[in-house]
Number of protein chains: 2
Amino acid sequence: MAHPVSPLAPLAAPHLPAIDGVELAIAETGIRYKNRPDVLLAMLAPGTSVAGCFTLSKTRSAPVDWCAKNLKGGKARAVVINAGNANAFTGKAGVKTVTAVANAAAQKLKCKPAEIFQASTGVIGEPLDPAPIVNALPGLIAAARGDCWEDAARAILTTDTFAKVATAAVNHAGKTVTINGIAKGSGMIAPDMATMLVFIFTDAAIPSRDLQKMLSKSVAESFNCITVDGDTSTSDTVLLFATGKAGAAPKGFAKALSGLCLDLAQQVARDGEGAEKLIEIAITGAQSDKAAHRIAMSIANSPLVKTAIAGEDANWGRIVMAIGKAGEKAIRDKLRIRIGGIQVAKNGMRDPRYKEAEIMPHMKGREIVIEADVGVGKGKAKVWTCDLTHRYIDINGSYRS
Amino acid sequence: MAHPVSPLAPLAAPHLPAIDGVELAIAETGIRYKNRPDVLLAMLAPGTSVAGCFTLSKTRSAPVDWCAKNLKGGKARAVVINAGNANAFTGKAGVKTVTAVANAAAQKLKCKPAEIFQASTGVIGEPLDPAPIVNALPGLIAAARGDCWEDAARAILTTDTFAKVATAAVNHAGKTVTINGIAKGSGMIAPDMATMLVFIFTDAAIPSRDLQKMLSKSVAESFNCITVDGDTSTSDTVLLFATGKAGAAPKGFAKALSGLCLDLAQQVARDGEGAEKLIEIAITGAQSDKAAHRIAMSIANSPLVKTAIAGEDANWGRIVMAIGKAGEKAIRDKLRIRIGGIQVAKNGMRDPRYKEAEIMPHMKGREIVIEADVGVGKGKAKVWTCDLTHRYIDINGSYRS
């Protein structure tokens, strides 16, 4: 939090209303940070169902293993999150810590340890002592209330420069359900202090199996479509809890959930370490949607594309390069590229009418839009990233010192 | 060439002897650069055989298409190389340029156009006028001689900070053959001014089919094992020419060729844009050699690993992350990591005996060695990269301005 707020931060954050069945509390336990909250407890009403999506890393953290295992039960009574230590690559000690926190919370909340979900973000490879968290639990439980979502969002941040919150109300046939989400992540899909964690809560009543289907679909179109540096965390976690207090989910719930996920995902990209520009990349004409996604990610992760955009250079040759290296079919002599709505290349060469000066106002803006049609089929995809600046190197080249 | 010489440049370059059957000449044609040579002609004796390896990009350049097509003939009489314009993504105009240069050179050298190989490096998407090159040909042919390898190596540079040359003599049973190689590349496996081009010449007599086998094997273990930014050029080219003037290749030729390729490849990594440290990554214990290579490349291309090393931070948690995201099997709880020969992690957690202070002298050095055993099988691989520094962003964020 020592870094200045990203210039891409939303101008205003929405106020998040209380959600029946969810109570929040934060604490300063000094796990790594001093003088700031670093633990969040969300208590959930009995009967709350849960769904989750996790990192695909082969070296995932102890809390991720724990959550993935307990997702099968479909029920949750609390989630405990800490910032400052990821409890990743900590061997048996890591499993002991997770178990100790779950046992302590379950005893106090009179539930099964398997109903206590957990997430940790921070440094990798350092043992995480459960004692400060366990000792904080009684105070957290006593203090928990429904109207402190912004504080909750701040307690889970690491290198983030702003808190990420989103809310949606779904009205249908005279009833309303609410969805609140909080997220952290800035070296996105990246390790150490920069894992992406997302927690979404609703008062709708949705069985865990249906909840999982909706969440998996939403995550595929949102959190899996952003990248800051192409690095995948050991700890990435998205959890969705449904307390059921407002009754069955009305029509439009899935769509609202998807919109909320996309909002949070874009906020993470907007807080990419050192980001000065948000970049949207839209691919059409690929062999499949999956192929389009891979091509879009190849552009989004290319250091040469990202540094060019940082330099406000409409260097479309690098976009051609990134399309070429994606490993998916692309017909060079049918390629069409637009930047900021202006066609720069078509039929495998520079558009003769394209003048670089026309595109400069767009390149100097905060939001850059790249569109490419690769001339093969009907596959399409859209992803978001940020530029690669000196501050990324400042942040990551001196992170632990 | 405006950038200071890489601190990783070899202290001394070897002198390259003449190779019977190879004559070189350079010219200033002003394609893009002023007041420096930008075209190299290498004339080859009749009967010279040729082998080549090219970029796997789906958007490869006109000269790459040309060379790949003409490799089938197996014979070469010249190679013409220009710096400043890649003739990539130039549509039909690009094909016309390559054809014009080949026709002009073939007429003068009394050979088939298909025996004129070509390579171009520089900006993408700008048409390349063949006239300056065609007009320079008579002068180049008249001036060509055998003893100007260093000048030749300099003529093909773009953002490189030093010329890359290597030579090897193979002695066997009283006879000697020579291999000379020159290379350029610094934003390696990257586009625009930073394509990798390599030209190797020998006086050994080797049929093109055998030559290709040897080259493909050598490239797989050298040029395909280095990365600066993970970006793949539209124009990467390695060509190997054998004039046959010194008779059949003696025993040990293939090994010498591999050594020379590895030398040139490491020189390219040492000239990575903004490089301050050369990084060697050795993976063992993978499911296969291919799996080991993918894991090694995942570490080598991780911006978080590369910025940590730039910051002289032995941040092994990021190495764990990069292993985890590689998509290859790794047993977390058997992982073993060494940096500079010092064991930092074993059995999926920090080695209790590891003290960060012990590793600091290594982190402050110019050459960083990372070893990881992923605990699955017997696959192994070794790759080389460089750190990610502010100068990479300086070079690539303002390249065309």
Side-chain angles (χ1 to χ4, degrees), chain A residues 55-60 86 88-91 93-94 123-127 187 190-192 229-234 301-304 307-308 310-311 313 315-318 320-326 328-330 332-333 335 345 347-350 388-390 392-393 396-401, chain B residues 55-60 86 88-91 93-94 123-127 187 190-192 229-234 301-304 307-308 310-311 313 315-318 320-326 328-330 332-333 335 345 347-350 388-390 392-393 396-401:
Chain A
T55 179
L56 296 177
S57 170
K58 299 285 194 296
T59 55
R60 63 191 196 174
F89 214 61
T90 43
V123 73
I124 292 179
E126 303 283 336
D192 284 3
D229 47 23
D231 276 341
T232 303
S233 166
T234 54
N301 280 323
S302 159
L304 285 161
T307 47
D313 177 1
N315 192 327
W316 58 273
R318 295 183 181 179
V320 173
M321 172 283 300
I323 294 169
K325 76 162 180 163
E328 294 293 342
K329 210 174 161 191
R332 184 188 64 195
D333 294 343
L335 268 190
N347 300 330
M349 56 191 296
R350 188 175 62 187
L388 174 55
T389 68
H390 284 293
Y392 181 87
I393 293 185
N396 289 299
S398 56
Y399 155 67
R400 300 194 317 170
S401 48
Chain B
T55 178
L56 297 177
S57 171
K58 299 285 195 293
T59 56
R60 63 191 195 173
F89 215 60
T90 44
V123 73
I124 292 179
E126 304 283 336
D192 284 5
D229 47 24
D231 277 341
T232 303
S233 165
T234 55
N301 281 322
S302 160
L304 286 161
T307 48
D313 178 0
N315 193 326
W316 59 273
R318 296 183 181 180
V320 173
M321 172 284 300
I323 293 169
K325 75 163 181 162
E328 294 292 344
K329 209 172 163 195
R332 185 189 64 193
D333 294 342
L335 267 191
N347 300 331
M349 55 190 297
R350 189 175 60 185
L388 174 55
T389 68
H390 284 293
Y392 181 87
I393 294 187
N396 290 299
S398 57
Y399 156 64
R400 299 194 318 170
S401 48

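Throughout, a chain's letter reflects where its sequence line sits, starting with A, and its residues are numbered from 1.
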Check [X] against [Y] and note the closest heavy-atom contact, atom names and distance.
X	Y	value
A:I393	B:T389	CD1-O, 3.1 Å
B:K58	A:R332	O-CB, 4.0 Å
B:M321	A:T234	CA-CG2, 4.2 Å
A:G125	B:R350	O-CB, 3.8 Å

Worksheet item: In terms of heavy-atom pairs under 4.5 Å with chain B, which of A:H390, A:E328, A:R60, A:M349 leads?
Response: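 Of the options given, most contacts go to A:H390.
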
Worksheet item: Among A:A330, A:P303, A:A345, A:G91, who wins on heavy-atom pairs under 4.5 Å with chain B?
Response: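 The residue among A:A330, A:P303, A:A345, A:G91 with the greatest pair count is A:P303.
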
Worksheet entry | chain A interface, residue from B:N301, B:T55, B:L335, B:N347 that has the most non-hydrogen pairs under 4.5 Å |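 Between B:N301, B:T55, B:L335, B:N347, the count favours B:L335.
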
Worksheet item: What is the distance from atom CG of B:L388 to atom CG of A:L388, rounded to the nearest 0.5 Å?
Response: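 The CG atom of B:L388 sits 6.5 Å away from the CG atom of A:L388.
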
Discussion item. Report which part of A:S302 has an atom under 4.5 Å of a heavy atom belonging to chain B: side chain, backbone, both, or neither.
Written reply: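 Looking at A:S302, backbone and side chain both touch chain B.
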
